[in-house]
Number of protein chains: 2
Amino acid sequence: MQVSKSLEYAVRSLVFIAESEKPLGLSEISQTGRMPKAYLAKIMRTLVEGGVVSSVRGRKGGYVLKKVPKDIALYDILSLTEGKEKLIPCINDGKFCYASSFCSQKVVWIKVEKAITDAFKKVTLKDMLPRRAIGKVKNGRAQNYIS
Amino acid sequence: MQVSKSLEYAVRSLVFIAESEKPLGLSEISQTGRMPKAYLAKIMRTLVEGGVVSSVRGRKGGYVLKKVPKDIALYDILSLTEGKEKLIPCINDGKFCYASSFCSQKVVWIKVEKAITDAFKKVTLKDMLPRRAIGKVKNGRAQNYIS
DNA sequence: TAAAATATGGACTTTTTAAGTCCACATTAA
DNA sequence: TTAATGTGGACTTAAAAAGTCCATATTTTA
């Protein structure tokens, strides 16, 4: 029961990308964030595929956000980086639960699972950004700390 | 990011034990719950060590709860079965976080972690028991929790 | 147009953890 | 005494996470 490095790396990368004006390349992300480049490449692919970022190919290429930070929930990133696997095997792997619908534990597991996924749903990339970067730029000047 | 089988097995076993009047043996727990006996034995040891159950050794031995179900939180069981490992590496493994206290993500991870642990803290073994079995047990035999 | 810098796709390897097994031993009711 | 139980620890296996590699496609720019 642990958050994967993939998720951590993905979040960290997205923060960098969100803060960048230009497409941010793999090499730079990897160096700044101290994450193995080849592995990160794989993670970025899933983010592209998942519609969280767009990639710009070729020289001067890199990645840009495809949605605004407040619309990227931690849950979305989690779903992409950790595949479709569910939190609680017994309520997701039908063939496993020998007790089926009569199991008194199932309903509780479902609640626990919901509480956890909710925790990931209500945090967005925006919450992960440093305050000063949130408003982007206005008149060429960084906006001040507002919320 | 998935609940381990160990936790599932532990919870399932504890439900059986809670429903039994007498010490409930490994063999019976393992058979009723369809869990590998040798593996379960290992799990039970950690539960004994963790003060959740007491063991009765020798013939007619088995396990009994050491606390009432409402005082056994899912979180306690989790802590025992999954060791001390923390949910989010970056906030628990000091040496890993190159960004240290300046990291804007850390505070959010801490919130997420708290939300998750809270979810496990507020559920107790009592919530996992079938309603009808909470108070009473019939004719000296362990009731199966499946009706 | 050639070269350099980038992303892509997929196969592959390594490392780590979870899951499971085994066996010799200790304890106790019958 | 013996059969049924739990204990302790070493061990093995299986699965998943983490990481690597290479050949290829795309685009900028010298």
Side-chain angles (χ1 to χ4, degrees), chain A residues 1-10 12-13 17 20 22-31 33-50 52-64 66 78 80-90 93 96, chain B residues 1-10 12-13 17 20 22-31 33-50 52-64 66 78 80-90 93 96:
Chain A
M1 182 95 206
Q2 199 171 355
V3 161
S4 66
K5 283 240 166 64
S6 297
L7 178 58
E8 270 193 67
Y9 289 171
R12 200 183 299 167
S13 302
I17 295 167
S20 170
K22 303 177 298 183
L24 197 59
L26 209 45
S27 302
E28 191 171 349
I29 298 174
S30 144
Q31 277 173 25
R34 304 200 193 174
M35 301 171 283
K37 184 171 167 184
Y39 187 48
L40 195 56
K42 204 163 67 167
I43 294 172
M44 292 313 296
R45 273 181 258 156
T46 71
L47 295 182
V48 170
E49 221 177 296
V52 172
V53 297
S54 306
S55 67
V56 179
R57 295 179 71 152
R59 204 165 174 177
K60 295 279 176 180
Y63 300 93
V64 293
K66 206 167 176 180
L78 180 76
L80 291 172
T81 57
E82 324 228 321
K84 298 202 211 338
E85 80 177 331
K86 294 311 199 80
L87 224 35
I88 323 264
C90 94
D93 182 4
F96 176 75
Chain B
M1 182 97 209
Q2 200 170 355
V3 162
S4 66
K5 285 240 165 66
S6 299
L7 178 59
E8 270 193 66
Y9 289 170
R12 202 184 300 169
S13 301
I17 295 167
S20 171
K22 305 178 299 186
L24 196 60
L26 252 183
S27 302
E28 190 170 350
I29 298 173
S30 145
Q31 277 171 24
R34 305 200 193 173
M35 299 170 285
K37 184 172 169 184
Y39 188 48
L40 196 55
K42 204 163 66 168
I43 293 171
M44 292 312 296
R45 276 182 256 156
T46 72
L47 295 181
V48 169
E49 222 176 294
V52 172
V53 297
S54 305
S55 65
V56 179
R57 294 179 70 151
R59 201 166 177 176
K60 294 279 176 183
Y63 301 93
V64 293
K66 205 167 176 180
L78 180 75
L80 291 172
T81 57
E82 323 226 324
K84 295 198 213 344
E85 81 177 332
K86 295 311 200 76
L87 220 38
I88 322 263
C90 94
D93 182 4
F96 177 75

If you apply the rule side chain to side chain contact (heavy atoms under 4.5 Å, CB included), what do you find for S27(A) with K37(A), and how did you get there? CA-CA 7 Å; S27(A) 302; K37(A) 184 171 167 184; 2.9 Å; yes
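- Separating the CG atom of L24(B) from the C1' atom of dA4(D) is a distance of 14 Å, rounded to the nearest angstrom.
- Residue L47(A) forms a side chain to side chain contact (heavy atoms under 4.5 Å, CB included) with just one option from M44(A), E49(A), R45(A), and that option is M44(A).
- A pairwise comparison of heavy atoms in V53(B) and I17(B) identifies CG1-CD1, 4.4 Å as the closest pair.
- Separating the CG atom of L26(A) from the P atom of dG9(C) is a distance of 14 Å, rounded to the nearest angstrom.
- Contact detail for P36(A) and S30(A): the closest heavy-atom pair is C-OG, 4.4 Å.
- Remark: of the listed residues K5(A), R12(A), E8(A), R12(A) is the sole one forming a side chain to side chain contact (heavy atoms under 4.5 Å, CB included) with M35(A).
- Residue S55(B) places none of its side-chain N or O atoms closer than 4.0 Å to OP1 or OP2 of dT5(D).
- Residues V64(B) and K22(B) come closest through the heavy atom pair CG1-C, 4.4 Å.
- Y39(A) and S6(A) share a donor-acceptor pair across their side chains, judged by distance under 3.5 Å alone.
- If you take CD of E8(A) and P of dG19(D), they are 11 Å apart, rounded to a whole angstrom.
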Please tabulate, one pair per line, each protein N/O and nucleotide N/O from nucleotides 27-30 of chain D that are separated by under 3.5 Å, including the distance.
unit_1	atom_1	unit_2	atom_2	d
dT27(D)	O2	R59(A)	N	3.2

Side chain to side chain contact (heavy atoms under 4.5 Å, CB included) evaluation trace for S13(A) with L40(A): CA-CA 9 Å; S13(A) 302; L40(A) 195 56; 3.4 Å; yes
Reading 5' to 3' through nucleotides 12-24 of chain C, protein heavy-atom contacts under 4.0 Å coded B for base, S for sugar-phosphate only, - for none: ------SBBBB--
